[in-house]
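What follows is a single structure, written as structure tokens, with notes after it.
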Protein chains: 2
Amino acid sequence: MKQEITIIDIARKAGVSTATVSRVLNGTGKVRENTRRKVEAAVRELDYQPNIVAKNLSTARSNVIGVLVSDVRNPFYANIFVECEMYANEKGFSLLLYNFLDSESLERRCYDMLLAQRVCAIVHIGGSVDRMDNNAEFVKKIEEVSRRVPVVTSAQVNGTQSRCVQVNNERCMRKLMEYLLGLGHKRIALAGGRENVRSTWEKRKCYQEMLKRQGIEYGNYYIAESGAYNEQGGYLAMREILKKDPLPTAVIAVSDLVAVGVVHAIKEKGLEIGKDISVASFDNTYIAEIMEPELTSVGNDYCLLGRRIIDMVLGMMDGKECQDWDELPVLIEERESCK
Amino acid sequence: MKQEITIIDIARKAGVSTATVSRVLNGTGKVRENTRRKVEAAVRELDYQPNIVAKNLSTARSNVIGVLVSDVRNPFYANIFVECEMYANEKGFSLLLYNFLDSESLERRCYDMLLAQRVCAIVHIGGSVDRMDNNAEFVKKIEEVSRRVPVVTSAQVNGTQSRCVQVNNERCMRKLMEYLLGLGHKRIALAGGRENVRSTWEKRKCYQEMLKRQGIEYGNYYIAESGAYNEQGGYLAMREILKKDPLPTAVIAVSDLVAVGVVHAIKEKGLEIGKDISVASFDNTYIAEIMEPELTSVGNDYCLLGRRIIDMVLGMMDGKECQDWDELPVLIEERESCK
DNA sequence: GTGAAAGCGCTAACAA
DNA sequence: TTGTTAGCGCTTTCAC
């Protein structure tokens with residue numbers, strides 16, 4: 001390609017030293033107004049683009065944050081990513097995204113790629129961090145990595161330097177249950193997820209506590225797991241629930257995607273959503289809006305979540321003592337699927 | 001944080017020079033088997049991670065490809081991104097993702113960020129490149145950028161060094177029309193999109209040609225634009241179409257997301273999808289699968305598309321003369337929404 | 001086959 | 001206020 005314009009060209013053109021150019025460019029140190037103008041003129045004339053790579057090497061910093069999610073095709077992760085990105089860009093950082101697609105080995109390799117890339121921090125959402133039984137190898141990896149660079153996750157990984165910004169599943173579930181109980185529902189089912197996934201486990205725990213407090217006692221009768229967190233999983237889980245007698249009057253799906261399958265199963269049986277059975281779910285992504293009927297869903301303020309994550313990253317980079325965070329507001333969007 | 005381990009530490013430990021370590025690490029030049037082993041041992045013992053940033057600076061290359069899309073929350077873009085990512089990672093490259101969210105100014109700023117980041121190439125899907133009336137300023141930007149670094153887009157941008165890997169909208173539309181005509185439909189509507197968007201324009205053109213060739217002559221009677229490429233846009237467009245008399249027996253939506261709104265409008269009117277009116281759409285994302293009824297949709301082999309894009313990028317980086325590409329296979333998934 | 005040393009573009013002491 | 005210079009970690013001639 002073409003010869004790159006460097007700080008040296010600017011210095012020459014402006015008749016100053018490279019140090020001065022650097023000062024002007026970064027606004028560090030004192031520079032006489034006149035000199036500054038000369039430099040700025042040269043920058044404009046030569047259409048100079050600073051080389052961030054060289055800058056990063058020189059300062060032993062980086063302005064690239066690595067982001068690890070299981071799959072951006074899932075709107076939940078896409079929401080988080082986009083919000084993080086907008087805020088990070090605003091702060092002068094860029095995001096290097098990796099999808100590990102449910103592969104634990106890929107997940108670990110991603111860490112190596114990010115380290116080699118010398119990212120200034122790592123954000124890791126979902127996957128292994130959300131597993132109850134954090135496997136030892138994974139924790140060891142995070143432990144090592146988090147000593148070298150700030151790591152922010154979506155759930156606590158004990159015994160490491162990482163910090164988390166957590167979606168409060170318990171409060172989400174409470175909100176959902178209060179809503180459904182308030183509507184008069186007595187038999188509420190819980191569909192989807194796996195118990196070894198922390199978020200699912202938390203939802204389930206809260207669900208059971210809420211029922212107990214209401215004096216409702218059918219234990220796990222209306223709980224159905226699903227292997228996968230997708231439509232198929234929701235469909236199969238709901239089929240199990242539809243075998244129960246009496247049928248529940250409402251069902252909570254652990255995510256919007258799972259709810260899609262739940263809805264299919266219900267309609268297939270000839271029952272009407274919102275009339276025979278109410279359906280509510282987690283995440284409040286656009287999936288909930290495009291379903292028919294539209295789904296009541298409880299989710300996060302993704303914009304705020306993104307900001308919290310990036311603020312945490314920035315704080316840790318500055319060496320601040322950061323506390324785990326799980327005080328995000330919970331939003332419930334009441335739609336037609338619940339009566 | 002902690003002191004980084006560098007190539008110097010390895011050299012010292014192995015009792016060789018840094019040059020030799022570099023040779024071993026990169027497999028360049030000849031190194032005696034014995035020396036190689038010593039170096040490799042040192043690398044392992046010190047758990048050395050090469051600093052790609054330094055390497056890139058030194059070689060004046062980069063292994064980061066910048067990717068610009070309008071919004072990864074749209075499953076169409078997410079599909080492309082993930083496939084590009086997997087293939088690029090395989091080839092030793094990472095992707096820096098930016099969403100410009102329909103903002104032309106942000107789109108241009110993204111280019112500057114990517115250039116500053118010294119990405120080795122830029123992939124730009126949608127947005128301005130897909131506009132018929134490429135505004136001059138934008139073309140100038142691409143023209144400048146494409147002289148410095150390979151740029152691969154989703155549509156031709158004339159007068160620049162950029163190359164494109166194009167989804168062949170015409171063939172997609174033809175496939176869809178052949179399918180619907182084969183089913184016996186005579187009045188086929190086209191919903192959504194804007195005419196100044198190239199992909200939409202191409203779809204429309206092919207649609208009209210196909211009708212003409214069939215001797216069907218109702219001009220643009222059954223075409224309805226939608227401002228936005230989302231559910232709302234589809235809904236409004238379909239409302240227009242539902243005012244026509246006689247009603248069409250089938251309607252093609254310009255994307256799955258638009259189809260969601262189309263379906264809503266039809267159901268709202270009390271008509272049945274696949275019986276009163278058939279619905280088909282473009283993209284074949286998972287949205288088409290989760291709709292009820294499931295949508296017939298024509299789309300790409302995203303895996304192949306991703307590979308083509310990255311292969312093109314790699315080719316251009318090697319200085320090869322690359323030709324624009326639009327020979328991707330077109331896949332139609334026939335589902336319940338068409339009868 | 002291996003090492004010494006120059007350099008990639010930038011920053012940051014330290015001097016002047 | 002400005003310039004000189006020594007790195008940052010790595011690659012790559014050019015000698016040996």
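Numbers restart at 1 for each chain; the letters A, B, ... are given by sequence-line order, proteins then strands.
Between A:N56 atom CG and D:dC10 atom C1' the separation is 15 Å, expressed in whole Å. Between the CG atom of B:L25 and the P atom of D:dT11 there is a distance of 7 Å, given to the nearest Å. Atom CD1 in A:I52 sits about 10 Å away from atom P in C:dT11, given to the nearest Å. What separates CZ of B:R23 from P of C:dT2 is a distance of 8 Å, to the nearest Å. Here the P atom of nucleotide C:dC10 and the CZ atom of A:R12 are 13 Å apart, to the nearest Å. If you take CD1 of B:I7 and C1' of D:dT11, they are 8 Å apart, rounded to a whole angstrom. Whole-Å rounding puts the A:R61 CZ to C:dT11 C1' distance at 10 Å.
Note that CD of B:Q161 and CD1 of B:I142 are 12.0 Å apart. Values are rounded to the nearest 0.5 Å.
Below 30°, between 30° and 60°, or above 60°: for B:F138 and B:H124 the angle between ring planes is above 60°, a perpendicular geometry.
More than 12 heavy atoms of other residues, nucleotides or ligands sit less than 6.0 Å from atom CG of B:N26.
The two residues B:Y77 and B:D71 have their closest heavy-atom pair at CD1-O, 3.5 Å. Heavy atoms only, all atoms of each residue included: B:M317 and B:A121 are closest at SD-CB, 4.3 Å. Shown here for A:C84 and A:L95, the closest heavy-atom pair between the two residues is C-CD1, 3.9 Å.
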Set out, line by line, the N/O atom pairs under 3.5 Å between protein and nucleotides 5-8 of chain D.
{"from": "D:dG7", "atom 1": "N2", "to": "A:S58", "atom 2": "OG", "distance (Å)": "3.2"}
{"from": "D:dC8", "atom 1": "O2", "to": "A:S58", "atom 2": "N", "distance (Å)": "3.3"}

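If you check the side chains of B:N99 and A:E85, you find a donor sitting under 3.5 Å from an acceptor. Side-chain contact check for B:N89 and A:Y98: no donor-acceptor pair (N or O, by modelled atom type) lies under 3.5 Å. Side chains of A:D324 and A:Q156: a donor-acceptor N/O pair is present below 3.5 angstrom, by distance only.
The existence of a salt bridge linking B:E144 and B:K140 is confirmed by a sub-4.0 Å separation between a basic side-chain nitrogen and an acidic carboxylate oxygen. Of the charged side-chain nitrogens involved, at least one lies within less than 4.0 Å of a carboxylate oxygen, so that B:D112 and B:K141 count as a salt-bridged pair.
Note on A:K55: a side-chain N or O is less than 4.0 Å away from OP1 or OP2 of C:dT11. Remark: A:S17 is not in phosphate contact with D:dT2, judged by side-chain N or O atoms under 4.0 Å from OP1 or OP2.
Nucleic acid contact class of A:V16 (heavy atoms, under 4.0 Å, all strands): sugar-phosphate only.
Contact check of residues 27-51 of chain B against DNA chain D (heavy atom, cut-off under 4.0 Å) returns B:Y48, B:P50, B:N51.
Each end of the helix from C:dG1-D:dC16 to C:dA16-D:dT1 yields a helix axis from five base pairs, and these two axes differ in direction by 40° (to the nearest 10 degrees).
For the pair B:G15 and A:N26, nearest-nucleotide mapping onto DNA chain C gives the more 5' position to B:G15.
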